[in-house]
Enquirer: 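Structure incoming, see below.
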Number of protein chains: 2
Amino acid sequence: MDWVSHAQAELRGAGYRPGAAARLVLEHLDREDCCRGAQEIFDALSTGGTKVGLASVYRMLERLDERGLVQRIDLGDGIVRYEAARDAGHHHHLVCGACGKVEPFADRRLERAIEAVEERSGYSVVAHDVVLRGACANCRD
Amino acid sequence: MDWVSHAQAELRGAGYRPGAAARLVLEHLDREDCCRGAQEIFDALSTGGTKVGLASVYRMLERLDERGLVQRIDLGDGIVRYEAARDAGHHHHLVCGACGKVEPFADRRLERAIEAVEERSGYSVVAHDVVLRGACANCRD
DNA sequence: TGGTCGACGATAACGATTCTCGTTATCGTC
DNA sequence: GACGATAACGAGAATCGTTATCGTCGACCA
Ligand SMILES: [Mn+2]
Ligand SMILES: [Mn+2]
Ligand SMILES: [Zn+2]
Ligand SMILES: [Zn+2]
């Protein structure tokens with residue numbers, strides 16, 4: 001089952017009744033390959049001719065986040081971004097402070113190190129964020 | 001040389017002229033062992049009888065961050081926190097989503113994994129953030 | 001001592017997010 | 001197929017952390 005249908009089913013199972021706005025937000029997230037902010041999603045849907053309220057975008061993102069259907073990403077610039085959470089695509093982000101570029105990366109060794117910390121921590125860890133900041137290949141020096 | 005003097009010297013070398021407000025903020029950060037937000041620092045200094053403007057707190061934190069004298073920490077709750085950056089005390093944070101507790105942790109293996117990613121990335125990485133979220137020992141189940 | 005320049009603090013402006021509320025869509029029931 | 005309950009939806013107001021502005025003051029130097 002595709003991610004959109006899966007998310008809709010999950011929401012329904014939680015007592016929600018996803019409608020038109022929910023579907024448009026889900027389909028948009030499904031289409032994007034990396035993280036997007038609420039306003040960004042709102043703008044994209046608006047220029048696309050469809051009509052979704054900004055509040056609905058925020059509502060959806062919050063609900064999806066609560067159920068782990070999206071990964072919430074805070075790059076520290078005051079905009080919270082989200083991306084569809086699929087089993088396969090777990091990754092973190094490199095941010096260029098000069099040009100603002102955001103790139104995903106994945107690293108098994110890093111993930112294992114984090115798991116080890118989780119076990120020692122005494123916490124029941126449900127999520128983790130890693131952000132690397134610096135200058136990208138084009139911007140350095 | 002202690003961290004406060006070091007920070008003051010560094011600021012002076014950058015052309016700033018740290019005064020009374022700067023000193024109070026620095027001394028407060030030096031006293032705290034983990035990250036604090038601007039408003040939190042402002043309140044602490046206010047109840048302490050001293051008088052420092054909120055703008056001065058923000059100004060100091062920004063300047064200290066630019067020069068790497070503090071570590072900027074974004075736990076995703078809309079409040080940016082900072083802590084004195086000392087060579088010895090590098091660490092990251094565990095956040096309990098239930099009670100709000102924030103605890104530091106340090107892990108050499110995690111740091112090495114991050115360094116390895118940095119090298120492969122093509123970026124000139126200057127900082128990294130790691131946040132683990134979940135339920136602390138008291139709050140789980 | 002007078003002049004320059006940045007530090008300082010008060011306050012207004014800003015902007016992302018959240019809240020509120022009236023309207024509309026959905027769903028199970030009759 | 002209408003009905004009533006309930007949640008979704010969108011518009012706009014409110015919130016609140018952060019930033020920008022500006023007048024005043026004090027440190028430093030000629
Ligand atoms: Mn990971
Ligand atoms: Mn580290
Ligand atoms: Zn991504
Ligand atoms: Zn800390």
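When reading the values below, keep in mind they use all heavy atoms of this one structure, side chains included, and skip hydrogens, waters and symmetry mates. So that the names make sense, note that chain A is the first sequence line, chain B the second, and so on, each numbered from 1. As the structure is a prediction and not an experimental result, all values here were calculated from the model.
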Enquirer: For B/His128 and B/His92, take the angle between the two ring planes, folded into 0 to 90°, and tell me which bin it lands in: parallel under 30, tilted 30 to 60, perpendicular over 60.
Expert: tilted
Enquirer: For the pair B/Asp129 and B/Arg72, find out whether any cationic side-chain nitrogen is under 4.0 Å from an anionic carboxylate oxygen.
Expert: no
Enquirer: Would you mind checking if A/Arg81 and A/Asp74 are paired as a salt bridge, meaning a charged N to carboxylate O distance below 4.0 Å?
Expert: no
Enquirer: Which is more 5' along DNA chain D, the nucleotide nearest A/Phe42 or the one nearest B/Val80? Just name the residue.
Expert: A/Phe42
Enquirer: Using only atom types and a distance under 3.5 Å, with no angle test, would you say the side chain of A/His91 pairs donor to acceptor with the backbone of A/Gly89?
Expert: yes
Enquirer: With a 4.0 Å cutoff (strictly under), does any side-chain N or O of A/Ser56 reach OP1 or OP2 of D/dG10?
Expert: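 True: A/Ser56 side-chain N/O within range (under 4.0 Å) of D/dG10 OP1/OP2.
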Enquirer: If I take atom CG in residue A/Leu54 and atom C1' in nucleotide D/dA11, what distance separates them, rounded to the nearest angstrom?
Expert: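 Distance check: A/Leu54 CG to D/dA11 C1' gives 10 Å.
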Enquirer: State the CD1-OG distance between B/Ile114 and B/Ser121, to the nearest 0.5 angstrom.
Expert: 12.0 Å
Enquirer: Tell me the interatomic distance from A/Met60, atom CE, to D/dA7, atom P, rounded to whole angstroms.
Expert: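 So the CE-P distance, A/Met60 to D/dA7, works out to 16 Å.
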Enquirer: Whole angstrom is fine here: how far is it from CG in B/Asp43 over to C1' in D/dC16?
Expert: 14 Å
Enquirer: Between B/Lys51 and C/dA10, is there a side-chain N or O to OP1/OP2 distance below 4.0 Å?
Expert: yes
Enquirer: Are the charged groups of B/Arg36 and B/Asp43 less than 4.0 angstrom apart, N to O?
Expert: no
Enquirer: Do NZ/NE/NH1/NH2 and the carboxylate oxygens of A/Arg112 and A/Asp107 come within less than 4.0 Å?
Expert: no
Enquirer: Determine the contact category for A/Arg63: base if any of its heavy atoms lies under 4.0 Å from a base atom, sugar-phosphate if only primed atoms, P, OP1 or OP2 are that close, otherwise nothing.
Expert: sugar-phosphate
Enquirer: Think A/Tyr58 has a side-chain N or O under 4.0 angstrom from the OP1 or OP2 of C/dT18?
Expert: no
Enquirer: From CD1 of A/Ile79 over to P of C/dG15, roughly how many Å is that when rounded to an integer?
Expert: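 It works out to 11 Å between those atoms.
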Enquirer: Tell me: CD of B/Gln39 to P of C/dA10, nearest whole Å?
Expert: 13 Å
Enquirer: Write down the distance between CZ (B/Arg23) and C1' (C/dC8), rounded to a whole number of angstrom.
Expert: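 Computing the B/Arg23:CZ to C/dC8:C1' distance gives 14 Å.
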Enquirer: Base, sugar-phosphate, or nothing for B/Ala55, non-hydrogen atoms under 4.0 angstrom?
Expert: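 The residue B/Ala55 makes base contact.
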Enquirer: Measure the distance from OH on B/Tyr16 to P on D/dC28 and round it to the nearest whole Å.
Expert: 18 Å
Enquirer: In dot-bracket form, 5' to 3', how is DNA chain C paired? Count Watson-Crick and G-U wobble pairs only if both distances fall under 3.5 Å, and write | where the partner sits on another strand.
Expert: ||||||||||||||||||||||||||||||
Enquirer: Taking atom types as they are modelled, is there a donor-acceptor pair under 3.5 Å from the base of C/dG9 to the side chain of B/Arg59?
Expert: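 Yes.
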Enquirer: Please pick, from C/dT26, D/dG10, C/dG9, the nucleotide with the shortest atom-to-atom distance to any side-chain atom of A/Arg17.
Expert: C/dT26
Enquirer: Closest approach to the side chain of B/Val52, judged atom by atom: which nucleotide of C/dG9, D/dA8, D/dC9 is it?
Expert: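 From the listed options, C/dG9 comes nearest.
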Enquirer: Tell me the interatomic distance from A/Glu40, atom CD, to C/dA16, atom C1', rounded to whole angstroms.
Expert: 14 Å
